[in-house]
> 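Here you go, one structure.
All values reported here derive from a predicted model rather than from experimental measurement. Numbers restart at 1 for each chain; the letters A, B, ... are given by sequence-line order, proteins then strands.
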Amino acid sequence: MSLEHSRPRARSHPDPTAPPILEPGHLDALWLQVTGTLCNLRCGHCFISCGPDNRALGLLSIEDVRRRLEESVGLGVREYYVTGGEPFLHPGIVDILTLALSYGPTTVLTNGTLLKPRHVELLAAAAAGRFSLEFRISIDGPDPASNDGLRGEGSFERAMEGFDLLVSFGFLPIVTVVRTWETEADPEVYRRIVAMLRERGCEKPRVKTMPALRIGAEAQRSGGYAADERVVSGMLDDYDLDQLVCAHARVVTDHGIWVCPILLDAPDGNLGDDLTVAARAPFALSHAACHTCWLHGAICSNPGVVAPETPFATAGAAT
Amino acid sequence: MIRISARRVAIFGGVYSNHLALEATLADAAAAGADEAICLGDLGAFGPHPDRACEIVRQAGIAVVQGNYDHSLGHGLPDCRCGYTDPRDNRFAALSYRYTYARTAPTHRAWMRDLPPAIRLSLDGCETLLCHGSPRRANEFLWESSTSDAFLAWLLDTSDAAALCVSHTGLPWTRELPPGRRVVNVGAIGRPANDGDPRVVYAILTAAPEGGAPGVEWRRVAYDHSALASEMREEGLPEEFAETIETGWWTTCLEVLPQKERARGRY
Ligand code: SF4
Ligand code: SF4
């Protein structure tokens, strides 16, 4: 395949109110949903309503993981994201991450509350190789008051203990915060979180803010999307499609391959069992959450992975 | 597509207006017996008097690939497209872009607008693709620790090339891939490689031995970095930028670094 053919493309529908169809580009990121929808927390804003008894999607075995990693090599995958639910509920998580790291750069998305010194010690050894092991720890604000209401009593302190543990082994976790405040407050919240991480002794704080996805548990909390918050034909004209996660990623679950890490509750998000086919499968951006992706771009990848080519507001030339 | 044929080629990127390092690099390349010098883009940004670097490169008749910064300046875009979210990084990026835009002569900007996104080099028969970020995007970062072998092999396959040279990240690295293929990130000559050494880095690519991958000679170039830092201060550029030039440690635009690269630096 040529580079030109590996670019994502949008097919508009003649009906202007219909969703455009996205033909994905090259598969850059393979997500591994290693603990399905199983999580020790039950956050009020979880977009897949994960929890201790949500078994809609189950655990991946290390053999499943190995098989998908092998397949991903032929597809030229650039990096791996390991997620759930809470990946550290998986009894084989250290082996999974060690294995993934032997294939390429790996990011694990965790709530940080279950990290044990033994895990982190083994992972620090595994991460001494060529590729980065990134930890992303989710919290929701710079203090328990802003966090625990959404994530549960005591969860801030437990997450930050996990953070401290990682820092003590030389990791620089990316603290991921879902924006549950007004956008204008972004720089202020960002600064407060950075200051909090510095106070805890982290000299190189890394922070990623993400927009709230008003689906799953969050739909009940915030009321979900308005009927006109949809991506419709034409909205992808002159749009930098690389910004959309589904343009370059797929998710492995125990129930098959999913279009993106966001729509795990959506039946049409399941693209079957064949990764090679699923990687190229077109998808109609008909979901409300697609509107958030369209608006904010690159919401799931690590900072710096996809810089915007065209800004969202091209306001005049520089002076 | 521009095509160049050579056996020993100096390849440098990320000039970032560092005209003193640029002169030193070109002198070093000539002394090291390079038969060509090629620039992988980003002439402006960060440093003082952006026109000076443009003039040196244009007068020397060096082939230049368009970087994201050249593209933004050339098209009069409102920013450099580095895509920072950290308000501090964004402030520095905006300062630097505004300064560079204002001090780059319209003729140089017009020249930047028309630079090619890629150059093909035949390195004694070895097909080599030269671009700024990656073959598919000028602003794609190819960091050593966040790029799998499978992905690099795919980039080479889809580009019909046995070797690939990029810049954009500012950190040099190389990886050999079977059979006889190589990817090189030549780093940048505009600012040091975030390792406490104020010298800058570029690469000399050499023709492949029988059945092997092309060779890389890493060149560390010393130049009068104190003079550059003084010019930056005189021009009112941020003290943080001058500190990087003097100490060899990056002080800004750090959020895009992956874990390993970030852990190695001072900040
Ligand atoms: S947001 Fe994360 S930590 Fe919270 S319930 Fe969902 S998966 Fe678990
Ligand atoms: S939710 Fe986002 S990533 Fe998923 S299909 Fe819609 S646009 Fe793509």
> For G265(B), does its backbone N or O pair with a side-chain atom of K204(A) as donor and acceptor, under 3.5 Å?
yes
> Please flag which part of V73(A) lies under 4.5 Å from any non-hydrogen atom of chain B: side chain, backbone, both or neither.
both
> Is A153(B) close to chain A through its backbone or its side chain, or both, or neither, when contacts mean heavy atoms under 4.5 Å?
neither
> Are R137(B) and D240(A) within salt-bridge range, i.e. N to O under 4.0 Å?
yes
> Drop me the distance from D157(B)'s CG to S6(A)'s OG, to the nearest 0.5 angstrom.
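Output value for this atom pair is 11.5 Å.
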> Quick check on D186(A) against chain B: is it the side chain, the backbone, both or neither that has a heavy atom closer than 4.5 Å?
neither
> Please state whether the side chain, the backbone, both or neither of R206(A) comes within less than 4.5 Å of a heavy atom of chain B.
side chain
> To the nearest 0.5 Å, what is the distance between CH2 on W154(B) and CG on L3(A)?
5.5 Å
> For F171(A), is it the side chain, the backbone, both or neither that has a heavy atom under 4.5 Å from a heavy atom of chain B?
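Both backbone and side chain.
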> If only atom types and distance count, is the side chain of S148(B) paired as donor or acceptor with the main-chain N or O of V77(A) below 3.5 Å?
yes
> Using side-chain heavy atoms (C-beta onward) and a distance below 4.5 Å, is E255(B) in contact with V207(A)?
no
> Is the closest basic N to carboxylate O distance between E4(A) and R136(B) below 4.0 Å?
no
> So for L257(B), is it side chain, backbone, both, or neither that comes closer than 4.5 Å to the heavy atoms of chain A?
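Contact with chain A: backbone only.
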> In terms of heavy-atom proximity below 4.5 Å to chain A, should D160(B) be classed as side chain, backbone, both, or neither?
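D160(B) has no heavy atom closer than 4.5 Å to chain A.
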> Check whether R266(B) gets within reach of chain A through its side chain, its backbone, both or neither, counting any heavy atom under 4.5 Å.
backbone
> For L142(B), is it the side chain, the backbone, both or neither that has a heavy atom under 4.5 Å from a heavy atom of chain A?
both
> Would you check if T147(B) and P105(A) make a side-chain contact, meaning some heavy-atom pair closer than 4.5 Å?
no
> When you look at R175(B) and R130(A), which way does the side chain to side chain contact (heavy atoms under 4.5 Å, CB included) test go after all the steps?
CA-CA 11 Å; R175(B) 203 177 295 167; R130(A) 295 190 290 149; 3.4 Å; yes
> If you count heavy-atom pairs within less than 4.5 Å of chain B, which of R7(A), E203(A), R191(A) leads?
R7(A)
> What part of F131(A) is in contact with chain B, defined as an atom under 4.5 angstrom from a non-hydrogen atom: side chain, backbone, both or neither?
both
> Quickly, which of S146(B), P258(B), S145(B) forms a side-chain contact (heavy atoms from CB on, under 4.5 Å) with E134(A)? Name it, please.
P258(B)
> With chain B, which of G104(A), S132(A), G76(A), P187(A) has the greatest number of heavy-atom pairs at distances under 4.5 Å?
S132(A)
> Looking only at heavy atoms and a cut-off of under 4.5 Å, which of R262(B), E261(B), Q259(B), R88(B) has the most pairs with chain A?
Q259(B)
> So H26(A) and F151(B), would you call those rings parallel, tilted or perpendicular, with 30° and 60° as cut-offs?
tilted
> Is a side-chain donor or acceptor of K260(B) paired with a backbone partner of L133(A) at a separation under 3.5 angstrom?
no
